[in-house]
Amino acid sequence: MALLIAIEDSHLLFHRRFSSNLQTLDSIKDCIFQICKGFFYYCKHSTTNLMDTRICRDNKLFAYAFNDLIATIGSKYQPKVDDWPPPVKGSKGRNDPEVAFNMLDCILKRSLERLKLMRGTMAWAHKVGQYNSIMKADYSQHVNTIRNLSLEGKLGVALWLLNKMIHADGVIPDVVTHNHLINGFCKVGEIEKAEWLIRQMTYQGPSPNCATYNTLMKGYCAFIDIEKAWDLLSTMGDNGDNKVKPNIVTFNIIVHAMCKEGKFYDEARVLLLRLTDEDSEKNLVSSTILMDHYFKNGNTKLALRLWGEICKRSKELDVVAYNALVHGCYLSLDVLLMYKYVIEMLKIGLAPDIFTYNTLISGLCKVKMIDDACYLFYIVMSKMGVYPDVISYSILIQGLCKVGNVVKAHELLNCMLERSMIPKPLIWNTIIHGYGKIGDKQSAFHVRDQMITYGVSPNVFTYNALIRMLAKTGEIYEARMLMKEMLVSGPLPDTVSYNLLIGAESEYGHLYSAHQVYEDMLKRGFHPDVVTYTQLIKGYCIKGKVSEAEGIFLTLLGSKLVIDHVPFQILIKQHFKMRNFDSAYGIYEMWERMESQGE
DNA sequence: GCCTCATCGA
């Protein structure tokens, strides 16, 4: 326990120093070292079998990981490291140093990645500080600036700088810089600008390369259609002197787009399989696309078989492939299998990332294992140096609401807001709905007001959640007022809003009002559905007006709507209540006839 | 070097 706290402390210290921007490189290295050391001791001395591993082959990897660590951190710590005791022989994996080091490696890699990112950010901030003297900056600085601006989506400035370089300085940036800009435009859907830039490239250089066309192709798939991407495939580089040959990435883009659209042409499958056979090492991506496609279409068996093949032929698997696999297990709600593969990742030294954790947490929430989900969210993620993002919070909030713990969900929402994460209306609505379900009207409206304060506009789902709550508590006047508010200032109600209000009016015997709402609905061009009619039928039945109810029922039968068992059930019940057994049987027969027709 | 695969969802 003390060790765990020590790890946590050094970890926290690391992040505090990290975020203060005042730290020296050595102090960061020291922190990383302390965290790794702490983690190693934890794995080694832990009495529980953390990884459930039975592998304890030899100490080579141990030494390798060590050297790796030292090489990265610096020789300064060599003597300290030498003091560490050797791994226990014959420990049968209980405190497996290999596993410990794979995990340690994960943490280290991640920390170093962050360090790199921070350095980049600091360098960039430095550049901005000298913005006034940018005119004096040399070619490589300009080019770096264009790349950074493109990555940040500041495309206007990036394009300005590119044009300035070409026209004022008389130098033409290289193809990679151009590609960065094209990528920026394609990501936000400004395809014409990307096309224009490529035309300019073919005209004045540098010649577009395969990555240029691949980028444009992805833009076509995302914002236009696959056909356009196919066209590009056949005309790639036709304008220039040298025709550009498509590569594996090109095909992956197209195949992926087809999978996403739900189309999977035979030719694509054949193409992909052929590519996968030809160069197995490079085509982990292709296989991942294919496996993901199988999983998403419910073909779990085929997907798992493919995974087996991937494992056999790929020397190195990546996090994305595992994430697709874990998501596949998520789709079949197999939590145990999800855990199994995540542990496998750790064993081979792949650090689960935010995608992995979000998928895991989501799966746990879906099967209502909310405590496990919280444990991952609060304890494991921060220990592994992966921090929850908007999606992690959203998943857990929805999970908590699902099991009725709306108070904790609201607390979590407040945590998000403190961290300047403003979730989409969906999350606010989930909490409002949660409060509505337990009848906490005050809190529901409080959250509604809170969302407005944070600049998130309530949508039709927000209003529906509130109307549902008011209908349940019988506060029909307030529900009507909300409907009025929607009609006056938006968002416009939908069929569900009308159904909720009609249902409430019917439930409390306000048949006239219910009918008025129904008329209003028709007048404004909203389409009633089977629920609308069922609510009206129910209203008439409650009042004992069965013939009027049957009138509505006939209207329902005359419509082209697909009818479920509910209106039949209501009418049969009512007839029984009034001892009209023949009529009840008549309706029952009608229902049976309809059921058999449906088959 | 730049371009390919993965997460939540009323």
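Throughout, a chain's letter reflects where its sequence line sits, starting with A, and its residues are numbered from 1.
Of the residues in residues 215-225 of chain A, those placing a heavy atom less than 4.0 Å from an atom of DNA chain B are A/Thr215, A/Lys218, in numerical order. Heavy-atom distances under 4.0 Å link DNA chain B to no residue of residues 411-419 of chain A.
Rounded to whole Å, atom P of B/dA6 lies 13 Å from atom CG of A/Leu284. Per the geometry, CE belonging to A/Met338 stands 10 Å off C1' belonging to B/dT7, to the nearest Å. Computed from coordinates, the A/Ile431 CD1 to B/dG9 P distance equals 15 Å when rounded to whole Å. The interatomic distance linking A/Tyr322 (OH) with B/dC5 (C1') rounds to 16 Å, in whole Å. Across the protein-nucleic acid pair, A/Leu364 atom CG and B/dC8 atom P stand 14 Å apart, rounded to whole Å. The CD1-P distance, from A/Ile397 to B/dC8, rounds to 16 Å in whole Å. Summarising the geometry, the separation between NE2 on A/His293 and P on B/dA6 is reported as 12 Å, rounded to the nearest angstrom. One atom, CD1 of A/Ile361, and another, P of B/dG9, lie 13 Å apart when rounded to the nearest Å.
For A/Asn183, a side-chain nitrogen or oxygen approaches OP1 or OP2 of B/dC3 to under 4.0 Å.
Here the side chain of A/Asn252 is nearest to one of B/dT7, B/dT4, B/dC3, namely B/dT4. Nearest nucleotide to the side chain of A/Ala211, out of B/dT7, B/dC3, B/dG1: B/dC3. Closest to the A/His327 side chain, of the nucleotides B/dT7, B/dC5, B/dC3, is B/dT7. Comparing B/dT7, B/dC2, B/dC5 by their nearest atom to the side chain of A/Val176 picks out B/dC2. With B/dC5, B/dC8, B/dC3 as the choices, the nucleotide that has an atom nearest any side-chain atom of A/Val285 turns out to be B/dC5. Residue A/Ser362 places its side chain closer to B/dC8 than to any other of B/dC3, B/dA10, B/dC8.
Using a 4.0 Å heavy-atom distance criterion, A/Thr430 is classed as making no nucleic acid contact. Within 4.0 Å of A/Tyr330, counting heavy atoms only, lie sugar-phosphate atoms of the nucleic acid but no base atom. Nucleic acid contact class of A/His256 (heavy atoms, under 4.0 Å, all strands): sugar-phosphate only. Residue contacts for A/Asn459: at a heavy-atom cut-off of 4.0 Å it reaches a base atom on one of the strands shown. At the heavy-atom level, A/Lys187 lies nowhere under 4.0 Å from the strands shown. Across all strands, A/Asn464 comes closer than 4.0 Å to no nucleic acid atom at all (heavy-atom distances). A/Ile395 comes within 4.0 angstrom of the backbone, heavy atoms only, and of no base. In this structure, A/Leu426 reaches the bases: a heavy-atom distance under 4.0 Å links it to at least one base atom across the strands shown.
Defined by atom type and a distance below 3.5 Å, a donor-acceptor pair is present between the side-chain atoms of A/Asp389 and A/Ser392. Side-chain atoms of A/Tyr330 and A/Lys366 include a donor-acceptor pair closer than 3.5 Å. The closest side-chain donor-acceptor pair between A/Asn429 and A/Asn464, if any, does not fall under 3.5 angstrom.
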With a cut-off of 3.5 Å and sequence neighbours excluded, list every side-chain donor-acceptor pair involving residues 298-305 of chain A.
none

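By the 4.5 Å heavy-atom criterion applied to side chains, A/Met381 and A/Ile361 are counted as neighbours. Under the 4.5 Å side-chain criterion, counting only non-hydrogen atoms from C-beta, A/Leu216 is in contact with A/Ile191. Side chains of A/Leu400 and A/Val406 form no contact here, defined as non-hydrogen atoms less than 4.5 Å apart.
In this structure, CZ in A/Phe526 is found 7.5 Å from CG in A/Asp494, a value given to the nearest 0.5 Å.
Between the base of B/dG1 and the side chain of A/Asp174 there is a donor-acceptor pair shorter than 3.5 Å. Side-chain to base pairing of A/Asn429 with B/dA10: one donor and one acceptor N or O lie within less than 3.5 Å of each other.
Between A/His527 and A/Met521, the shortest heavy-atom distance links the atoms O-CE, 3.7 Å.
A donor-acceptor pair is defined here as one N or O able to donate and one able to accept, closer than 3.5 Å; such a pair exists between the side chain of A/Asp564 and the backbone of A/Val566.
The number of heavy-atom neighbours closer than 6.0 Å to OH of A/Tyr375, taken from other residues, nucleotides and ligands shown, is 12 or below.
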